[in-house]
Structure formats: C-alpha cells, structure tokens
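Beneath this line is the structure, given in structure tokens, with notes to follow.
Here the structure is a predicted model, which is why all the values come from computation and not from measurement. Excluded from the calculations below are hydrogen atoms, water molecules and symmetry mates; all remaining heavy atoms, backbone and side chain alike, are included. Start at 1 and go down the list; that is how both ligands and their atoms are numbered.
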Amino acid sequence: MPRREDCRLRPVAEDDLELVLNWRNSERIRRNMYGDHIISMEEHKAWFNRLKDDSSAVYLLFEVCQTPVGMVYFTDIDRKNSKCFWGFYLGEDNLPRGTGTILGVSGMEYAFEILQIRKLCGEAFQFNSASVKFFQKLGFAREGHFVRHVLKEGVYEDVISFALFKDCWQDRRNELERTAFHV
Ligand SMILES: CC(C)(COP(=O)(O)OP(=O)(O)OC[C@H]1O[C@@H](n2cnc3c(N)ncnc32)[C@H](O)[C@@H]1OP(=O)(O)O)[C@@H](O)C(=O)NCCC(=O)NCCS
C-alpha cells in the first residue's frame, strides 16, 4: 500500500506524451471512454498543444514513488458556477488494490483545494461497474441516468451522472483519507 508522501499529482509534460498515448489507446481504457478511436501521435500532440491555452481543462499524471501510474483530469472548468467534470484512469495494470482509491482521493483534494471547485461532476457508462462503484465509494451522489445516451460499438449505452459538493467532501474527507491510506 503506497504511503501518502509517495503519491502525487503533477501536470502532464511533453516527455509523458508517449506513455499517456499508450495508456489512452489501450483496450482497457478505450472501452470505458466516450471517444474510442485509436489516437495518432500527431492528434495527441495537437491536443497537448491546445491544452496549453485552455484554462478550462487540467490534465494531471498520478505518480506513486515517482512512477506515473494513471491520469486525473478536470474539464469544462466553469469559474462562474465553480463546477467542472473530472475523469480518471489507472494506466498501468497489476497495481496494488486500492491504488485507484488513492488516485481518486488525490484528485478530489486537487479539485476542491487547488481549483476551488464547489461541485465536482463525473459520468460513467452504466456497464462500467468498477467506475460506478468507485464514484459511490468516494461519496458521489447519483444525479442522473441518461438512457441510450452515447453510441458505443454500435449500441446506444446508458450513462450515469454523479456529483459531489465541496461541503459533503469536507465532512467525509478524513474518513476517505483513512480508507485510502489505511491511517
Ligand atoms: C476506475 C478505476 C480508476 C478504479 O481503480 P481500482 O484500482 O480498481 O480502484 P481500487 O482498487 O481502489 O478500487 C476502488 C473501488 O472500485 C470498485 N472496483 C474496482 N475494481 C472493480 C471491479 N473489477 N468490479 C467492480 N468494482 C470494482 C470497488 O468499489 C472498489 O472498492 P473496494 O475495493 O472497496 O471494493 C480503474 O478501474 C480504471 O482505471 N478503470 C478503467 C478506466 C475507467 O473506467 N475510468 C473511469 C471512466 S468513468
């Protein structure tokens, strides 16, 4: 089990692009994402360059003992309403059980403390039971169920929407940290 001091989130850098593209194009990640075509390096670099001027999105690498193992990202950052969407994935296989929970707890802390978000929103395909359970474990409330919402491999799939407010997170913060870090 990683210790808190061994885990961090940091901005994605140019040198990470190959690693991130390999993760993003892997079958395990693509099957759970809205966009699921194979991304070329050219497209990936264009995305990275656009990000530099985009104040509505933040992409972070999650590192354990200085090794990148996953991504947490915030999109549609809406300053007026203090809300945004987030997404996450573990890029590496065979990580110790619980690594995802640490990634999630770290991402929530970043959203509420650094970005000063009031309402953190997320969505998952209904078939992605690991992610649906994950949102619930992290304290997110289910806010919506969009029926036959997104075309995925020829089928319109249902999407579940989740949200967590900063005050609810503050109330549960210590408990979540204990769960994540076993402290
Ligand atoms: C979602 C994700 C980050 C969770 O990471 P993880 O390493 O499985 O996380 P943890 O081991 O900390 O498990 C966290 C919780 O997720 C749920 N979970 C994890 N794997 C699961 C599985 N195979 N089936 C059902 N629930 C699962 C459980 O609720 C688990 O809590 P528990 O251990 O108390 O039962 C990871 O599964 C992932 O990267 N999935 C692919 C990408 C993806 O779906 N991203 C989200 C898109 S919305």
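In summary, the atoms of ligand 1 found under 4.0 Å from a heavy atom of S131, numbered by their order in the structure, are 46 (C), 47 (C), 48 (S). Of all atoms in ligand 1, listed by their number and element, those nearer than 4.0 Å to a heavy atom of Y89 are 39 (O), 42 (C).
The protein heavy atom nearest to atom 13 (O) of ligand 1 is T101 OG1, 3.9 Å. At the shortest separation from atom 22 (C) of ligand 1 among protein heavy atoms lies A130 CB, 3.8 Å.
Every N/O-N/O distance between E123 and ligand 1 stays at or above 3.5 Å. Of the polar atoms of I29, none of the N or O atoms is found under 3.5 Å from an N or O of ligand 1, judged by distance alone. Checking only distances, M33 never comes within under 3.5 Å of ligand 1, N or O to N or O.
For the 3.5 Å distance criterion, the side chains of W169 and E109 fail to qualify, holding no donor opposite an acceptor.
By the definition of a contact as any protein heavy atom under 4.0 Å away, atom 34 (O) of ligand 1 is in contact. Counting protein heavy atoms under 4.0 angstrom from atom 2 (C) of ligand 1 gives zero.
Between F88 and F135, the gap from one ring centroid to the other is short of 6.0 Å. Proximity of the aromatic rings of F140 and F134 is defined here by a centroid distance below 6.0 angstrom, and this criterion is not met.
N81 places no side-chain N or O within 3.5 Å of a backbone atom of K83 that could act as its donor or acceptor partner. Within the 3.5 Å criterion, the main-chain N or O of E157 finds no donor-acceptor partner in the side chain of K152.
Side-chain contact between R8 and Q66 is absent, with no heavy-atom pair separated by less than 4.5 Å.
At a 4.0 Å heavy-atom cut-off, ligand 1 touches F88 through backbone and side chain alike.
Taking the six-membered ring where the residue is Trp, W86 and F74 present parallel rings, their angle staying beneath 30° rather than reaching 60°.
Looking at L95, L90, N128, V69, it is N128 that brings a heavy atom closest to atom 47 (C) of ligand 1. Closest to atom 15 (C) of ligand 1 by heavy atom, among K137, K133, E92, is K137.
The only member of L60, L9, V64, V72 that meets side chain to side chain contact (heavy atoms under 4.5 Å, CB included) when paired with L103 is V72.
Residue contacts with ligand 1 do not include Q136, since none of its heavy atoms lies under 4.0 Å from the ligand. Judged by the shortest distance from any of its heavy atoms, G98 lies inside the 4.0 Å radius around the atoms of ligand 1.
One finds a salt bridge joining E63 and R10 here, because a Lys/Arg side-chain nitrogen approaches an Asp/Glu carboxylate oxygen to under 4.0 Å.
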